[in-house]
Amino acid sequence: MIDQQVSLRGGAARLPVRPRTGRFLVLAAVFVCAACGLVYELELVALASYLIGDSVTQASVVLSVMVFAMGIGSLLAKRLRCHAAVGFGLIEAALALIGGSSALVLYASFAWLGESQYALVGFSLAIGVLIGAEIPLLMTLIQRVDRQDAGGAVADLFAADYVGALVGGLAFPFLLLPMLGQLTGALLTGAVNAAAGGALVLWVFRRDLTPRSRWLLVAANVSVIAVLATATVLVDDFERAARRAVYGDQVRVAVQTGVQKVVLTGTDRDSLGLYLDGRLRVSARDEHRYHEALVHPAMDGPRARVLILGGGDGLAAREVLRYGDVRSVTVVEIDPAVTRLARTDPALSGLNGHVYRDPRLTAVGADAFTWLRADHQRYDVVISDLPDPGVTASTKLYSAEFYGLIAEALAPRGRLVVHAGPPVVRPHTFWTVDASVRAVGLATRPYRIPGRPSGFTASPDRLGSGDRPPEDWGFLLAAAGAVGEPGLAAGAPALRSLRAPELRDGARAADRLRLPGQVPSTLIHPRYWEEA
């Protein structure tokens, strides 16, 4: 104990600053490093959810692997405690390089290799090990600069760590992501991380370093910052090249909104493609078949007031407004950027027939679930044109609670139609949606038509190229009373590649695929279905 106290006194005497100042600087470094570490963590979760999908699974993988790796890092750091200063400096340089470049490498892996899951696990493991090694070394350093009991040192370190994590957690969604984007935000975070770790060691603990270790740290930090700065300068060119690899050569619009990543490709109505979070939502080559099959079976009956949930692209509204006796159409779209594109983009507005100029249409920017809870109007037809039910972010919009709100909004003879995913490829998904609709007292009639791969993430030019087998589009027609065979309403334009008898045949084929005993999806247990 006496030897330890002498060592602490000797260590403090060698510092270029007073012990209290040194302690403050160490805690400031802890604060910055913790903020950077959480940004890396959130960056991995956000990008993995965008590239791979299923945010719950991706967050679980990243967090569990990182926490496990942090434990390994803490154990490995025991070997570095006798060289705490240089060890901490090198760890921060490595963390800055790996964490700062993680988003870039993940995106490149997805764009050119078509797979980013392994890279995600690798980065989570490496970043976790390096973050886990920080605290044991910082504990040694803070006791070097200011004598205090171990409990007090741990309390100070964790307080600074948690506050830094708070700042990093808030900075990522409210500052870095909207202002810089995922790639530049990660690179800038890495540069700040390297600068903070290097400055602490090279200034406060410079007398603990040998000339060789000092030059090693200088070279490592300068190299890391140079690499990150170069990547920042080139990131726009990289992102354009990656987009071309993913979406083809005709990307016209690519914007990160507050809700999702929106990409618009194609220069005319024949080649247009709309991607939301990397998934192809609209292809001009086949969208008419999807939207006509979605809309027209539900329009057979009273149809004066129509509600479209999702469908901000205006394509479902185009089909609804073909009927002259429709008096009002309300489109509830969560992302205003999509409706803005549908209004202003020449190709997309031409494809939807300039429906937003029609005085019968009202666009609402809101979450469909929240909006339905506040809306007390009744509708003859409700069209659920929402993202695929296999996408975790949309699971509440396929729950029994959500369909209960729709049932309350239906007029006495009202109908509901739901895009429910492919019944052949993902039958559990489809029939869970069916069970959820029936759980609120609505009768259902399933039907399907041939389609393209649901959630397709490649360029529209690759459709039908054999990359993935084609999937059917599956729908559910529902009403409070009995539901007959779906068909086309009188006077409706016939589907270009599908006639009413084939639509009825698709309904019978879909019904033959029924899975018995499916449990409804609820807000408490939102996902009973399997992923494709």
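- The local environment of CZ in Arg206 is crowded, with over 12 non-hydrogen atoms from other residues, nucleotides or ligands closer than 6.0 Å.
- Summarising the geometry, atom CG belonging to Leu130 is positioned 9.5 Å from atom CG belonging to Leu125; distances are rounded to the nearest 0.5 Å.
- For the pair Leu90/Leu216, a side-chain contact is recorded, criterion being any heavy-atom separation below 4.5 Å from C-beta on.
- Taking the six-membered ring for Trp and thresholds of 30 and 60 degrees, Tyr107 and Phe110 have nearly parallel ring planes, at less than 30 degrees apart.
- Looking at heavy atoms from C-beta onward, Ser49 lies in side-chain contact with Val45 at the 4.5 angstrom threshold.
- Panel note: side chain Arg318, backbone Leu351; a donor-acceptor pair is recorded below 3.5 Å.
- Residues Val32 and Ala196 approach most closely at CG1-CB, 3.6 Å, considering heavy atoms.
- Interatomic distance, Leu187 CG to Glu43 CD, rounded to the nearest 0.5 Å: 9.0 Å.
- Two rings, from Phe24 and Phe31, have their centers 6.0 Å or more apart.
- Proximity of the aromatic rings of Phe402 and Tyr398 is defined here by a centroid distance below 6.0 angstrom, and this criterion is not met.
- A 4.5 Å side-chain heavy-atom check between Leu264 and Leu272 finds at least one atom pair inside the cut-off.
- The local environment of CZ in Phe238 is crowded, with over 12 non-hydrogen atoms from other residues, nucleotides or ligands closer than 6.0 Å.
- Side chains of Phe88 and Phe205 form no contact here, defined as non-hydrogen atoms less than 4.5 Å apart.
- Distance check: Leu183 CG to Ser102 OG gives 9.5 Å after rounding to the nearest 0.5 Å.
- Between Leu141 and Val204 there is no side-chain heavy-atom pair separated by less than 4.5 Å.
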Checklist line | Stepwise side chain to side chain donor-acceptor pair (under 3.5 Å) test for Glu287 and His291 | finding: CA-CA 6 Å; Glu287 62 78 19; His291 288 100; 3.0 Å; yes
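- Closest heavy-atom contact between Ser116 and Leu106: O-CD2, 3.6 Å.
- In this structure, the side chain of Thr230 engages the main chain of Ala226 through a donor-acceptor pair within 3.5 Å.
- Among residues two or more places apart in sequence or in another chain, the side chain to side chain donor-acceptor pair (under 3.5 Å) test is passed with Arg243 by Glu239.
- Inter-residue side-chain proximity for Tyr40 and Asn193 is flagged as met; some heavy-atom pair is nearer than 4.5 Å.
- Using cut-offs of 30° and 60° on the angle between ring planes, the pair His419 and Tyr290 is perpendicular.
- Every side chain to side chain donor-acceptor pair (under 3.5 Å) that Ser213 has, sequence neighbours left out, goes to Thr210.
- Smallest separation of non-hydrogen atoms from Leu47 and Ala103: CD2-O, 3.3 Å.
- Qualifying side chain to side chain contact (heavy atoms under 4.5 Å, CB included) partners for Gln117, counting only residues two or more places apart in sequence or in other chains: Ile52, Gln58, Val61, Glu115, Leu120, Val121.
- Put simply, the residue from Thr432, Thr395, Thr429 that forms a side-chain contact (heavy atoms from CB on, under 4.5 Å) with Ser521 is Thr432.
- Of the possible polar contacts, none joining the Asp358 side chain to the His354 backbone as a donor-acceptor pair under 3.5 Å is found.
- By the 4.5 Å heavy-atom criterion applied to side chains, Arg23 and Ile142 are counted as neighbours.
- With hydrogens and angles ignored, the 3.5 Å screen pairs no side-chain donor or acceptor of Thr362 with any backbone N or O of Thr330.
- Taking both residues in full, the closest heavy atoms of Gly168 and Val39 are given as O-CG2, 3.6 Å, listed atom of the first, atom of the second, then distance.
- Rounding to the nearest 0.5 Å gives a distance of 13.0 Å between SG of Cys36 and CD of Glu41.
- With hydrogens and angles disregarded, a donor-acceptor distance shorter than 3.5 Å links the side chain of Glu333 to the backbone of Gly312.
- Contact of the Pro387 side chain with the Arg279 side chain is not registered, since no non-hydrogen atoms from C-beta on lie closer than 4.5 Å.
- Using a distance-only test at 3.5 Å, with no hydrogens or angles considered, a donor-acceptor pair links the side chain of Asp367 to the main chain of Phe369.
- In this structure, the separation between CZ on Arg340 and OH on Tyr356 is 11.5 Å, given to the nearest 0.5 Å.
- The closest donor-acceptor contact from the side chain of Asp161 to the backbone of Val30 lies at 3.5 Å or more, if one exists at all.
- Scanning all heavy atoms of the two residues, the minimum distance from Thr184 to Thr232 falls at CG2-CG2, 4.1 Å.
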